[in-house]
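Everything on this sheet refers to the single structure shown next.
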Amino acid sequence: MSKYDYLVVGAGLFGAVFTEQARAKGKTVLVIDKRDTIAGNVYTENVEGIKVHKYGAHIFHTNDTEVWNYVTRFATFNRFTNSPVANYKGELYSLPFNMYTFNKMWGVVTPEEAAAKIEEQKAEAGITEPKNLEEQAISLVGRDIYEKLIKGYTEKQWGRKCTELPSFIIKRLPVRLTFDNNYFNALYQGIPVGGYTKMVANMLGDTEVRLGVDYFENKAEYDALADKVVYTGAIDAYFDYKLGCLEYRSVRFENELLDKPNFQGNAAVNYTDSETPWTRIIEHKWFEFGKDEEGNDLPKTVISREYSSEWKLGDEPYYPVNDEKNGNLYQEYRKLAEEENTRLETEGKGIIFGGRLGEYKYYDMDQVIARALEISRAELG
Ligand code: UDP
């Protein structure tokens, strides 16, 4: 008899949701994480009353009512709406691409004029079936916007030419002929009041959590503790990279505490030229409207410059590079994962791989939660 029904490796969103669901079914769970903190990359750190999104900005948004009803059991959400600004060599544009953007770019005033301008640029480019991100972007918004607002940013973020990137990445961005700066087409959006860490802590409840422990250092010992493992780390790391490393993009954050109340007047400013070395600057206080939990104005501000880099062993993986080459390699790892589970089942055990790293997928938070709920249901009934 194992001591626990489940060992959950990783206290991020996937792990926390699975844990919550398993506990609700009366299962015993041990959660471990190699970091000293829970909440994975949605962890927020308190600096001078400001919740700093330590591993990158996270804005919760979803169209999935089940997911929304689920998360709101663990946190109250504020009414933050993501409206990033693009800074191209000092020219400011509204994002996502909407009438404000088109007006600033071309001086067009009506939706008809904007649509005509986009059509004209599409026709000039002569693209019928977009084969890559560059062609997809130009056929969505035309060459001017591609050159000023997409090309530099995307190539910095992914470290690859837009002609070598899959087109689905750019389809994440809405294009609208309305004056709507809301970045997401989502029914529900906001930031948890009190931070994501508190929300994840609420999901974990009184579950036993051991932090600062490396699963792989004592794998056999941890495996022996539970009937089944829920593994949310990188799938290639689990197999000791034996088929080769999957590629990830990593991000380095340069944080600064500034002795002024307002640095850029917005939570996110994207630097879309190719010369500026950072991709964007996040000013964290604006996720909470510049107020502390009591509603007081905050006199200081924390900003983070984000630098994107190719992941190498030892770095934090952030974005899976979901191109064809990596997709194929992932499928090979997926086969190994299934074989591993089959092997464990003969011993009355099992393993589930989940989350952005475990499934090597560019998931948003709501998709991770939806997937964790789906897997929990399949597993727990
Ligand atoms: N993107 C862009 N210009 C911008 C913002 C985004 O070209 O100012 C492109 C870029 O290719 C990026 C993709 O849109 O990879 C998705 O952006 P999103 O903001 O969804 O990425 P995330 O917030 O996950 O980093």
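What you see is a predicted model; the values in this text were computed from it and never measured. Every number for a ligand or one of its atoms is a count from 1 in the order of the listing.
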Query - Of all pairs that satisfy ring pair (Phe, Tyr, Trp, His ring centres under 6.0 Å), the ones with a partner from residues 120-143, not counting sequence neighbours - result: none

**Report entry** Audit row: Glu45, Arg35, salt bridge (Lys or Arg N to Asp or Glu O under 4.0 Å) steps and yes/no
**Finding:** CA-CA 14 Å; Glu45 185 176 56; Arg35 288 193 185 146; over 6 Å; no

Query - Pairs meeting criterion salt bridge (charged side-chain N to carboxylate O under 4.0 Å, His left out) with involvement of residues 125-150, two or more places apart - result: Glu91-Lys148, Lys131-Glu135, Arg143-Glu147

Query raised in the report: Does the side chain of Phe102 come within less than 4.5 Å of Ile118's, by heavy atoms?
Result: yes

Query - Which residues share a ring pair (Phe, Tyr, Trp, His ring centres under 6.0 Å) with Phe287, sequence neighbours left out - result: His53, Phe80

Report task. Give the protein residues with at least one non-hydrogen atom closer than 4.0 Å to an atom of ligand 1, ordered by chain and number. Result -> Leu95, Leu149, Ile150, Tyr153, Thr154, Gln157, Trp158, Ile169, Ile170, Arg172, Leu173, Tyr183, Asn270, Thr272, Arg280, Tyr319, Tyr362

**Report entry** CA sep, side-chain torsions, deciding dist, call: Asn132, Thr163, side-chain hydrogen bond (donor to acceptor under 3.5 Å, both in side chains)
**Finding:** CA-CA 5 Å; Asn132 54 49; Thr163 48; 5.4 Å; no

